[in-house]
Structure formats: structure tokens, C-alpha cells
Colleague: 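Can you read through this structure? Questions will come right after.
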Amino acid sequence: MADGTSTVEVARFPQGKYVDALRWLPPVAAFDRLVATALYDEDSGASSVQVHTLTPADAHFHCPLRLELQTTWTSPARISKMKVASFSQKAIIAAASSGCLCFLVADPLQISLEAEGRLGLGASSSYISGMDLQANSSDCECVCVGEDGKINLVRLAEGQMHHKCVTDNRGLISYTAAQWASPTEFVTAGLGFTLQWWDHRKPGAPVSQSPNKWIGGSSTGVIHSIDVHPSRKHVCVVGGSSGSVFAWDLRRQQEPIPLAGIGSSSRQISGFLSESEVWEVKYDHYTQSAGLDTASSKILPVMMCSEDGILAVLESGEAPLEVLAEPCAINTFDIDPENSSDVICGLEWETILFLKRS
């Protein structure tokens, strides 16, 4: 990283409910700050998707930063995954629970949530362990993967849901994460740090696959999160077991590029920050890379969060930059795509945390 001297402002918003997921919603106006959350109440067993407005502090009126609930949609079961995308001047929220996929339309002008469709993708006991959502001007499409070995594509167009099963491994392979790389390509991850690259124009099998036991000879690790850079779709970064964060470059498929954990140099550089599960990774467009030109093969900065409460930025060959250290797990986070200095996190202790970097 070019500079590790930035300051971080932090605001905390206790929820009294478990934060299963959170995402920034696409704005329709320059000053809109909307956040979607998936919350679970352990006492009642109720799960919901909520939309909040994030109102900036006003020093003149002595008003602090506020996260205010605007609308709620009650889910029939606990939400395992949630993704958002911009669609026809509105936001589409895809929420997965108990083998079902629900599409919600969030109207930022009315600040309302409306269920657009619900589709079962298996038995009620099926668990959608990974998914991603993309949208264009006419429809949106969701890739869903499960522990049962199924990969499903679900398209929402003109109010109708269309479903296609890409593959069914009948439990022989368990998938844990998925991410779109282009309108027709996506990446899946599973046990043993396995990665597969798919093109749904070529059904039946992945077009590329990582070698077996390629991360430190391990076949027992799990990948929890994938991200693909929008301008470098041939490179994806993943986070998983034992503090592992690494990149997979399709141009050099046999050689993972370790950023943290197994096989990385980050432990030697700084005695690395985390040795627990890495729950989420995202390319960090705010952090400036050290001496990087657009033609370089060096991996761009990546933000990660972990079970032991670390939020950090990693870059190949550079010392990790710790952004935040909490006394509890940071289970999820999202970087504002419109203002990458702003980050929201979901903490194990039923709290939403907002960070502003400067």
C-alpha cells in the first residue's frame, strides 16, 4: 500500500438482532445513503430484510451520524445470503433462505420494499451457501450454489422468474461461494480451496479448475468469499480457512498467489493479523497500490474481515494494513461503490459499524 497513515472515524449502531448480511444500496440521487440489512432475532426466530437511511452528522444542529430504519420485509426463514444490484432506477435485493431465493424491489424514492418473486431451489433443508447477483437494463440474474452440489441460475425478467440448473453433483461436491465475472461467466468455490470457472454458454462442466491440494497441500480448507475485479476478470481473490487470502489468475492457473495465511509472506512481514476464518474479501478501490501501473500483474489491494475481529487491507509483497480490530467477529462488510472511503460492517455482537477513512 502506498500510504498506511490514513485515519478512521467509527460509528456504532446496536441492533439487538444478529446481523446476517448488509449491503449498500445503489443510490438514485447524489446524496442518497441507503443500507440494506438481513437481521435475525434469536429470541423470536424472526428474520427480516430492512432498509435504513444513513444520515450524516450535522455539527450546526449538534446531530450525530444516524442510521434510521425506513422499511422492513419479513422473511419466511433465516437469510443465509443477500446481494444487491441496480435495476431500472431501483435496487434489486436477492435473499436466500431454506432452499428458496426471494427477489425484493427496493424503491429508493419511496423507500419501500416489495417482494417481486420467490422460487424454491430444492428441499426446505437445502442451504444456499453462496450466490451473486447481476443486472442489466431488462433483467437480472442470480447464480446460486449449495452444499448439495447444485449450481442454479435464476433470471428475473418482466416480473417472471426463470430457473436453470447448470449442474447437479448430488452431494459429491459441496459449494461454498459464487461470484459473477462477466455477464456469462462466474466462479465457484468449495471444500479443499477448490475453484472452478464456469461459462453458462458451455454447460456441463467448468471451463477451468484449480489443481487439487494446491494451497499448502491442503484438502480440508474452505473458501467463504470470492471477488472478481471489474476490469481484470481473469483474476479473482478469495478468503477462507486459517486466515487464508489468495488470488487465482487464469493466466497462471497452477500457481495461487498468496496474500495471507497458508503459503504467504505476510506472517514474516508482520506476524500476520489473523489466523481464523476469513469471512469476506473485496477489492479495495480506496487504497492506493504501491507503484502499480495498469499493465502490472500485481494483485490490487484487497480488504478482508475475519472471525477474530480483524478488518485489514492486503497487497502482495506489502505489509498488511490493519483498519480495525474488534473484540468479536466481523462477519460481513461492504465498501460503498460510490464513495470507497466508507465501509459498513456487521459484528457478531449484534452491531452495525460504519467507518470513514481519510
Colleague: May I ask you to decide whether R33 forms a salt bridge with D336, counting only side-chain N to carboxylate O separations under 4.0 Å?
Modeller: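 Yes, R33 and D336 are salt-bridged.
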Colleague: Measuring only between side-chain heavy atoms, which start at C-beta, is S225 closer than 4.5 Å to W279?
Modeller: no
Colleague: Under 4.5 Å between any side-chain heavy atoms of L300 and H229, yes or no?
Modeller: yes
Colleague: Below 4.5 Å, heavy atoms only, C-beta onward: do N169 and Y175 meet side chain to side chain?
Modeller: yes
Colleague: Tell me the closest heavy-atom pair linking L153 and W180, and the distance in Å.
Modeller: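 That would be CD2-CH2, 3.8 Å.
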Colleague: Hey, mind stepping through H224 and T176 against side-chain hydrogen bond (donor to acceptor under 3.5 Å, both in side chains) and telling me if it holds?
Modeller: CA-CA 6 Å; H224 300 299; T176 56; over 6 Å; no
Colleague: With a 4.5 Å limit on heavy-atom distance, are the side chains of N339 and K356 in contact?
Modeller: yes
Colleague: With a 4.5 Å heavy-atom cut-off, do V302 and K282 have their side chains touching?
Modeller: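 No, side chains not in contact.
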Colleague: Just by modelled atom types, is the I128 backbone N or O under 3.5 Å from a matching donor or acceptor in the S80 side chain?
Modeller: yes
Colleague: With hydrophobic residues grouped by side-chain heavy-atom distances under 4.5 Å, do L69 and V84 end up in a single group?
Modeller: no
Colleague: Using 4.0 Å as the upper bound for N to carboxylate O, is an ion pair formed by D132 and K83?
Modeller: yes
Colleague: For the SG atom of C144 and the CZ atom of F186, what is their distance to the nearest 0.5 Å?
Modeller: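 Rounded to the nearest 0.5 Å, the SG-CZ separation comes to 10.5 Å.
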Colleague: Where is the tightest heavy-atom contact between T188 and I226, given as atom of each residue plus distance?
Modeller: C-CD1, 4.0 Å
Colleague: With a cut-off of 3.5 Å and sequence neighbours excluded, list every side-chain donor-acceptor pair involving residues 343-353.
Modeller:
residue	atom	partner	partner atom	Å
E348	OE1	Y18	OH	3.1
E348	OE1	N331	ND2	2.8
T351	OG1	W349	O	2.9

Colleague: How long is the straight-line distance from OG1 of T71 back to CG of L113, given to the nearest 0.5 Å?
Modeller: 5.0 Å
Colleague: Without swapping roles, check the side chain of D334 against the backbone of R23 for a donor-acceptor pair under 3.5 Å.
Modeller: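 Absent.
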Colleague: Hydrophobic clustering (ILVMFWY, side-chain heavy atoms < 4.5 Å, transitive) - are L314 and V278 grouped together?
Modeller: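 Yes; tracing contacts between hydrophobic side chains, which count when under 4.5 Å, links both residues.
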Colleague: What verdict does the side-chain contact (heavy atoms from CB on, under 4.5 Å) test give for V154 and M161, after you've listed the backbone C-alpha separation in whole Å, the side-chain angles of each residue and the deciding distance to 0.1 Å?
Modeller: CA-CA 7 Å; V154 181; M161 299 178 73; 3.8 Å; yes
Colleague: With a 4.5 Å cut-off on side-chain heavy-atom distances among I, L, V, M, F, W and Y, is there a chain of contacts connecting I223 to W248?
Modeller: yes
Colleague: Under the 3.5 angstrom rule, does the side chain of T167 hit a backbone N or O of I151 as a donor-acceptor pair?
Modeller: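 Pair absent, no side-chain N/O of T167 close to backbone of I151.
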Colleague: Short question: side chain of N136, backbone of D139 - any donor-acceptor pair under 3.5 Å?
Modeller: yes
Colleague: Return yes if a side-chain donor-acceptor contact under 3.5 Å exists between S358 and T7, otherwise no.
Modeller: yes
Colleague: Can you find a heavy atom in the side chain of C140 that is under 4.5 Å from one in the side chain of L133?
Modeller: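 Yes, side chains in contact.
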Colleague: Does a side chain donor of either D342 or Y286 reach within less than 3.5 Å of an acceptor in the other side chain?
Modeller: no
Colleague: Count I, L, V, M, F, W, Y as connected when their side-chain heavy atoms are under 4.5 Å apart, and connections chain through other members. Are M131 and V166 then in the same cluster?
Modeller: no
Colleague: Take N152 and H163, measure what side-chain hydrogen bond (donor to acceptor under 3.5 Å, both in side chains) needs, and give me the verdict at the end.
Modeller: CA-CA 7 Å; N152 291 287; H163 165 244; 2.6 Å; yes
Colleague: Without swapping roles, check the side chain of E280 against the backbone of F333 for a donor-acceptor pair under 3.5 Å.
Modeller: yes
Colleague: Are the side chain of S86 and the backbone of P26 linked by a donor-acceptor contact shorter than 3.5 Å?
Modeller: no
Colleague: Show, in sequence, the C-alpha distance, side-chain angles and deciding distance for Q15 and H52, and conclude whether the side-chain contact (heavy atoms from CB on, under 4.5 Å) test is met.
Modeller: CA-CA 12 Å; Q15 299 297 299; H52 306 255; 4.0 Å; yes
Colleague: Can R12 and E326 be counted as an ion pair, charged N to O under 4.0 angstrom?
Modeller: yes
Colleague: What heavy-atom pair brings E141 and P183 nearest, and what distance separates the two atoms?
Modeller: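 Shortest heavy-atom contact: OE1-O, 4.3 Å.
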Colleague: Please lay out, stage by stage, how V238 and L195 fare under the test side-chain contact (heavy atoms from CB on, under 4.5 Å).
Modeller: CA-CA 9 Å; V238 304; L195 287 167; 3.8 Å; yes
Colleague: To check you understand the geometry: which heavy-atom pair defines the closest contact between E275 and D308, and what is its length?
Modeller: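 That would be N-OD2, 3.6 Å.
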Colleague: Treat each ILVMFWY residue as a node, draw an edge where side-chain heavy atoms are under 4.5 Å apart, and state whether L25 and W73 are in one component.
Modeller: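 Yes, same cluster.
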Colleague: For L65 and P56, which heavy atoms make the closest approach, and how far apart are they?
Modeller: CD1-CA, 3.6 Å
Colleague: Compare all side-chain heavy atoms of V49 with those of M82 and state whether any distance is below 4.5 angstrom.
Modeller: yes
Colleague: Side chains of Y283 and P301: does their closest heavy-atom pair fall under 4.5 Å?
Modeller: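 A side-chain contact under 4.5 Å is absent here.
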Colleague: Just verifying a value: how many Å separate C305 SG and L324 CG, rounded to the nearest 0.5 Å?
Modeller: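 Rounded to the nearest 0.5 Å, the SG-CG separation comes to 10.5 Å.
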Colleague: Determine yes or no for a side-chain-to-main-chain donor-acceptor pair under 3.5 angstrom, with S174 supplying the side chain and E147 the backbone.
Modeller: yes
Colleague: Take V237 and V228 through the test side-chain contact (heavy atoms from CB on, under 4.5 Å) and record every step on the way to the result.
Modeller: CA-CA 7 Å; V237 291; V228 178; over 6 Å; no
Colleague: Give a yes or no on whether a salt bridge exists between R78 and D41, defined as a side-chain N under 4.0 angstrom from a carboxylate O.
Modeller: no
Colleague: Can you tell me how far CG of D20 sits from CD1 of I79, rounded to the nearest 0.5 angstrom?
Modeller: 7.0 Å
Colleague: Could you tell me whether the side chain of S242 and the main chain of S244 form a donor-acceptor pair under 3.5 Å?
Modeller: no
Colleague: Taking S75's backbone N and O only, do any of them form a donor-acceptor pair with S47's side chain (distance below 3.5 Å, no angle check)?
Modeller: no
Colleague: F354: which residues meet the ring-ring contact (aromatic ring centres under 6.0 Å, His included) condition with it, sequence neighbours left out?
Modeller: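 Listed in chain order: nothing, the list is empty.
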Colleague: Please lay out, stage by stage, how D284 and R357 fare under the test salt bridge (Lys or Arg N to Asp or Glu O under 4.0 Å).
Modeller: CA-CA 12 Å; D284 182 17; R357 298 177 283 177; 2.9 Å; yes
Colleague: Which pair of non-hydrogen atoms, one from T194 and one from L191, has the smallest distance, and what is that distance?
Modeller: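 For T194 versus L191, the nearest heavy atoms are OG1-O, 2.9 Å.
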Colleague: Could you state the interatomic distance from CG (L311) to CE (M303), rounded to the nearest 0.5 Å?
Modeller: 4.5 Å
Colleague: Side chains of W197 and E185: do they bring a donor and an acceptor to under 3.5 Å?
Modeller: yes
Colleague: Supply the atom-to-atom distance L54 CG to L67 CG, rounded to the nearest 0.5 angstrom.
Modeller: 6.0 Å
